[in-house]
K.L.:
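Once you've had a glance at the structure underneath, I'll fire off some questions.
The chains referred to below are lettered A, B, ... by the order of the sequence lines, with proteins before strands, and numbering in each begins at 1. The structure presented is a predicted model; accordingly, all values stated were derived computationally and were not measured. Values below: all heavy atoms of this structure, side chains included; hydrogens, waters and symmetry mates excluded.
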Amino acid sequence: MHLTLEFGGGLELLCKSVKIHEVNVDPPEKETRLTMKHLLSWVHTNLIDERPEMFMKGDTVRPGVLVLVNDCDWELSGQLDTVLEEKDAVVFISTLHGG
Amino acid sequence: MALERAAAATATATPRATRLCTICGERRAALKRPKTFQQTCKECFYEVFENEIHRTIVDNHLFNPGERIAIGASGGKDSTVLAYVLSELNRRHNYGLDLFLLSVDEGITGYRDDSLETVKRNEIQYGLPLKVVSYKDLYGWTMDEIVKLIGLKNNCTFCGVFRRQALDRGAALLKVDKLITGHNADDIAETVLLNILRGDIARLGRCTLITTGEDGPIPRCKPFKYTYEKEIVIYPLHSHLLLKLVLNLLCIYSPNAYRGFAREFIKDLERMRPRAILDIIKSGEDFRISSCTKMPEQGNCERCGYISSQKWCKACVLLEGLNRGLPKIGIGRTTGLHDINKMKSTAKILQSKHRETLDF
């Protein structure tokens, strides 16, 4: 399915300084739905060029990274269990920087 | 925790169901506040965010009408949001304040020049007069030059000490009554932890105060003391009026800063139990120092007159070290008098790069 991914707060530096990525991601084998957990793993493998520890810790995002799915905090839709649909927009923003 | 699991279970059961804002009950919920677990829509979030800051300002008597206030503006997210919100609240609630932007140019190429551009934009957008003070003018050294000399260890010590005085100097030039900074709840919780880890009792007693330095040249306040960093980042996100933050990664010279470890820890804690941040601050506020603990006494620096608990203030010690090509002086435990005596008995002074003495 087609998704729009946006990286902000410095995270774009991890994927060749490109902020917005239009991607096509399919659910993993034997699965019918694509969840955020799968997407994170996909992003880690396919988009993150350097310093992956700035983006992920374990199988979730590094603490301090905000995730919005269609403008909504992913805490509201189940975090890693959030199910993604065609044309969804996901935004990753790092809050770890000087103020 | 059981509540959390139940909520998560419901969330997975109906993953795309639209949840309504718990405050207005009308609009779609867009975020979950870590502080209160409330699920709110954008509009209610703005209101709640702005109101809480207003309450913090009023309940802690931070300002008096007619005062001139300098906002320490680095161009980063906290100070930009602070400048915006304070302007708004000043107007909305008639605080009667005269607001100024004060920026410090440490001379860090590729980092500070970007954020200074943001502050200059803010000056125009919010109509707040801006003053920039630079390390080069005040001390004769830029951070680039200092790091070239000492490398990436302990450079944050120099910068932190120099910035503090630079802000005071700028505030004095602007003739303001108070200086406000964008330190948020996460920052203060980190500082409490750092001071515990370092056994710095004197700082521990002071670091949770919302206003400090009332007996010194310029009092400082932190209106964001109870505001979560996550919320400061979300606030401007939804195409809110004049705010477009340019979020840069951490300062390029800070990878080894000790604070980084405290920050990492706090972020992990927040994930598991968001209220931990406010609770650490509360613990910090309620610490009482044992009466038999010896505390450093506050005096004045012999060289420049700035507040100091030692004969020479830290900035003077560090500067002297830099100018004599002995940059290790002032770093680590044996500081102050010991080092000054060492310097005094050393041979003649090397060529000094001093441009201006600090007179307080």
Side-chain angles (χ1 to χ4, degrees), chain A residues 1 6-15 17 19 32-39 50-51 53-99, chain B residues 7-19 28-34 37 39-40 42 74-82 111 115 181-184 186-187 224 228-234 237-238 245-251 254 260 263-272:
Chain A
M1 65 181 74
E6 193 180 322
F7 294 85
L11 286 177
E12 63 272 25
L13 295 175
L14 306 179
C15 27
S17 296
K19 283 201 150 180
T32 45
R33 309 180 310 172
L34 179 68
T35 63
M36 276 303 298
K37 183 164 184 198
H38 304 140
L39 181 65
E50 51 175 286
R51 289 179 290 168
E53 70 280 3
M54 299 290 298
F55 179 64
M56 284 187 69
K57 188 167 176 174
D59 58 359
T60 185
V61 290
R62 181 194 165 142
V65 174
L66 272 181
V67 183
L68 303 174
V69 179
N70 298 328
D71 247 13
C72 276
D73 189 346
W74 76 334
E75 301 262 345
L76 294 179
S77 48
Q79 276 201 39
L80 286 172
D81 296 324
T82 307
V83 175
L84 296 165
E85 289 165 16
E86 179 73 31
K87 298 220 191 84
D88 272 353
V90 182
V91 181
F92 300 100
I93 303 186
S94 172
T95 62
L96 297 170
H97 27 60
Chain B
T10 342
T12 9
T14 51
R16 302 303 291 250
T18 315
R19 232 174 303 272
R28 186 176 80 130
L31 83 133
K32 187 166 148 194
R33 298 192 72 195
F37 295 129
Q39 297 175 6
T40 72
K42 288 183 221 172
S74 63
K77 63 189 194 311
D78 302 310
S79 48
T80 305
V81 174
L82 180 62
Y111 174 72
S115 37
T181 52
H183 290 94
N184 56 51
D186 299 51
D187 293 328
F224 281 172
Y228 276 50
E229 184 171 58
K230 174 180 169 184
E231 301 195 352
I232 291 175
V233 175
I234 292 178
L237 266 186
H238 304 282
L245 292 185
V246 176
L247 298 172
N248 296 310
L249 278 174
L250 290 173
C251 175
S254 72
R263 179 180 287 123
E264 197 66 33
F265 184 54
I266 296 277
K267 283 295 160 195
D268 281 330
L269 273 179
E270 184 191 9
R271 170 168 279 188
M272 289 186 291

K.L.:
What closest approach, in Å, do A/L76 and B/L31 show between heavy atoms, and which atom pair accounts for it?
P.N.:
CD1-N, 3.5 Å
K.L.:
To the nearest 0.5 Å, tell me how far A/C72 SG sits from B/K42 NZ.
P.N.:
8.5 Å
K.L.:
Would you sort out whether A/K57 and B/E264 count as a side chain to side chain contact (heavy atoms under 4.5 Å, CB included), showing the intermediate values?
P.N.:
CA-CA 11 Å; A/K57 188 167 176 174; B/E264 197 66 33; 3.8 Å; yes
K.L.:
How long is the span from the NZ atom in B/K230 to the CD1 atom in A/I93, to the nearest 0.5 Å?
P.N.:
11.5 Å
K.L.:
Could you pull out the closest heavy-atom pair between A/V61 and B/R271, with the gap in Å?
P.N.:
O-NH2, 2.6 Å
